[in-house]
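Just below is one structure, and these are the notes that go with it.
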Amino acid sequence: MKSNHLALLALSLTLTLVFSACSKNIKGTGSDQSGFGSEGLTGGGILPDRQGNPDNADFSILQAFTVYFDFDSFSINAAERSKLNAIAKWMSENPGRNIALAGHTDVRGTTQYNVGLGERRALATRDYLLGLGADGNRLITVSYGEERPSDTGEGESAHAKNRRCASGVMP
Amino acid sequence: MMMKHFRTTTMAALVYSCVIWSNNLFAQNENIVVKAGIDLSVTGVSGAQGAAAGKVLQNDLKLNGSFNLTSPEAASVLVKATASADTVQGTVTDKKGTVLLNQTFSGGWRKATHLFADAIVEKLTGTPGIATSSVTFVSAHTGHKELYVMDIDGANVRQLTQDKTISLGPKFSNLGNQIAYTSYKSGYPDVWVIDLANSNRRKISFYPGVNSGPSFSPNGSNIALTLSKDGNTELYTIAASGGSPERLTRSRGTEASPTWSPDSSTIAFVSDDRGTPQLFTISAAAGSTPQRINTSASYTTEPDWSPDGSKIAYSIQAAGQNQIAFTTLSNGQQTILTTGGTNETPSWARSSRHLVFARSGKLYLLDSMTQATTPLENGLTRNSEPNVSR
């Protein structure tokens, strides 16, 4: 009996670890053992070479599918997933076109960290699209941090509009 | 030997005169000559540029915070100078007429005045002056974030970029002759280095994804930065002359804002690997494990290691506002230096006492000993991300 209990405990611990390792886009919480040393969760691996200039991308075509994020988070919210399905569908219907995934943050927080956070949002969006079968060589990331807000107003409604990953169709 | 003897004698004379002539308190530690303010009077600055140099000198000495600028009668130290267009001849005496400093400085009256101010500070306090320091910063005054450099008193502003794109996070090399920064000139965030002597610049890191937050190692050989080329935003170093990056972190979060220890062995940086952005240190040699620096806030960013190695300054977020604070590394104790508003991007001056930071589009000098905060008027709006030369 006792050894059975131990086996069960070991199994549940293993499952917990496996689940923790698989839970996408959730930043480390609590335990000091988590995080550093555990390789990044991005499924995308090494990024493809840059193609073209994202300043020339057309962000109007897929504007309706801009993905929004919670404060200081790069998790893809369940409510945003249908937009990513739509982008993946558009990509399969337009095989010659590449996409610039432009990550943005709201104005709160500090400049350099926000450049990193914006990139992380673009990477999370890219990873999700890869999971839907999109071709990674057609998905370029660029972070603008807090530098290009879509709403320059104050307050949470403006902030919420600015925490986003916009998809631009490259020329 | 001769010089050293002279210097010791002068210091002794100064301490003596200060004890006689002022009511200020002095530290008992014999290694520290003067801790509190010295009663000092600028009795006259003559010459073709006398009026302008006098103003600059008074302001330099006031900004330093080591002096009580007072009347000749109340002063224990008397300062006078003659300023031509090119040079400043400065003399410092004590109340008895003993000459403590008598030197001519060159390089144009403004620079020469700053040199005189720093010589006064060094002679009277034994600590490095900051009047000859420069500040590089970002301003969106033109509608675009461009790089600038100015003297630490806010004068002598020069625009370094006219790219009409986004330029971010300028940082001086230790010698002050180069500035590394992030530019979106290519449409992507790349790391560039400007040579100030000839304004030449070159793109040194332009990998897929983000290239941002460059910081020169104090020994000048490396640049630490954030790259995402391997699929996540991680900390790397590259040789300052260029070359392939060496990866320092492996995490699930974002690493940003590296700053080096003065011996170039260790890097402090921001990581949100454990949920919210926090400070960590890691060996600059690849393969070590980051160590957390505890602060009072769950959102701590923008670390800057003091040139004497004893402190790391940073900004903390609380109740929607940002404050400037520092941690003393020997005991882990945190000191919060500002109270209201949104205060960002602290950068230590070479004194390891003064910081420059940004608040609501203006730049300020902050004395970490007195917490005195002085705006640095540079005629530009929408200033951010200051960095002081060392």
Side-chain angles (χ1 to χ4, degrees), chain A residues 21 23-32 34-57 71-74 100 103 107-124 126-127 136 140-145 147-148, chain B residues 138 140 145 165-166 168-169 182 184 186-189 206-213 226-234 249-258 270-277 280 282 289-292 298-302 314-315 317 320 322 342 344-345 358 384-385:
Chain A
S23 59
K24 274 212 150 197
N25 304 334
I26 296 168
K27 288 188 273 183
T29 50
S31 166
D32 273 10
S34 74
F36 288 110
S38 59
E39 185 78 29
L41 49 82
T42 50
I46 293 170
L47 295 181
D49 287 343
R50 293 171 171 179
Q51 297 149 27
N53 184 338
D55 281 337
N56 301 325
F71 175 67
D72 196 25
S73 166
F74 52 78
V107 72
R108 292 174 296 173
T110 47
T111 308
Q112 296 296 324
Y113 174 69
N114 278 342
V115 171
L117 180 59
E119 178 72 2
R120 206 62 196 76
R121 285 175 177 162
L123 289 168
R126 183 173 182 273
D127 288 352
I140 312 300
T141 58
V142 59
S143 171
Y144 296 110
E147 307 303 327
R148 291 188 180 172
Chain B
V138 171
K145 283 196 168 182
T165 175
I166 309 164
L168 297 175
T182 304
Y184 285 71
S186 73
Y188 297 93
F206 43 99
Y207 292 97
V210 77
N211 303 253
S212 66
T226 298
L227 301 175
S228 62
K229 69 184 186 70
D230 294 322
N232 191 32
T233 45
E234 303 282 353
T249 58
R250 292 177 187 279
S251 79
R252 293 173 293 182
T254 295
E255 277 70 48
S257 299
V270 172
S271 173
D272 64 5
D273 190 70
R274 294 177 191 171
T276 60
F280 294 83
I282 193 170
T289 305
Q291 304 294 314
R292 166 109 178 253
S298 64
Y299 193 109
T300 307
T301 59
E302 305 185 309
Y314 43 81
S315 63
Q317 200 176 79
N322 256 67
T342 295
E344 296 186 331
T345 329
S384 62
E385 295 197 284

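Atoms considered below: every heavy atom in the structure, side chains included; atoms not considered: hydrogens, waters and symmetry mates.
- Atom-to-atom distance recorded for A/Arg108:CZ and B/Thr342:OG1 is 11.5 Å, nearest 0.5 angstrom.
- For the pair A/Asp49 and B/Pro208, the tightest heavy-atom approach, listed with the atom from each and the gap, is CA-CG, 4.0 Å.
- In this structure B/Glu385 satisfies the side-chain hydrogen bond (donor to acceptor under 3.5 Å, both in side chains) test together with A/Gln112, sequence neighbours excluded.
- Residue with the most contacts toward chain B among A/Thr141, A/Ile140, A/Thr111: A/Thr111 (heavy-atom pairs, distance under 4.5 Å).
- Remark: A/Asn53 engages no residue in a side-chain hydrogen bond (donor to acceptor under 3.5 Å, both in side chains) (not counting sequence neighbours).
- Residues B/Asp272 and A/Tyr113 have side chains in contact (heavy-atom distance under 4.5 Å, counting atoms from C-beta outward).
- Residue with the most contacts toward chain A among B/Ser228, B/Gly213, B/Ser186, B/Ser384: B/Ser228 (heavy-atom pairs, distance under 4.5 Å).
- We find the CG-OG1 distance between A/Leu117 and B/Thr233 to be 8.5 Å, quoted to the nearest 0.5 Å.
- A heavy-atom distance below 4.5 Å is found between the side chains of B/Leu168 and A/Glu147.
- Between A/Val142 and B/Pro189 the shortest heavy-atom distance is CG2-CD, 3.9 Å.
- You'll find the side chain of B/Phe206 reaches within 4.5 Å of the side chain of A/Arg50, heavy atoms only.
- If you check the side chains of A/Asp72 and B/Tyr299, you find no donor sitting under 3.5 Å from an acceptor.
- Taking NZ from B/Lys229 and CG from A/Leu47, the interatomic distance works out to 9.5 Å, rounded to the nearest 0.5 Å.
- Between B/Ile166 and A/Arg148 there is a side-chain heavy-atom pair separated by less than 4.5 Å.
- In this structure, the portions of B/Val210 lying under 4.5 Å from any heavy atom of chain A include both its backbone and its side chain.
- Distance CG/B/Asn232 to CZ/A/Arg120: 4.0 Å, rounded to 0.5 Å.
- Put simply, the side chain of A/Pro54 reaches to within 4.5 Å of the side chain of B/Tyr188, judged on heavy atoms.
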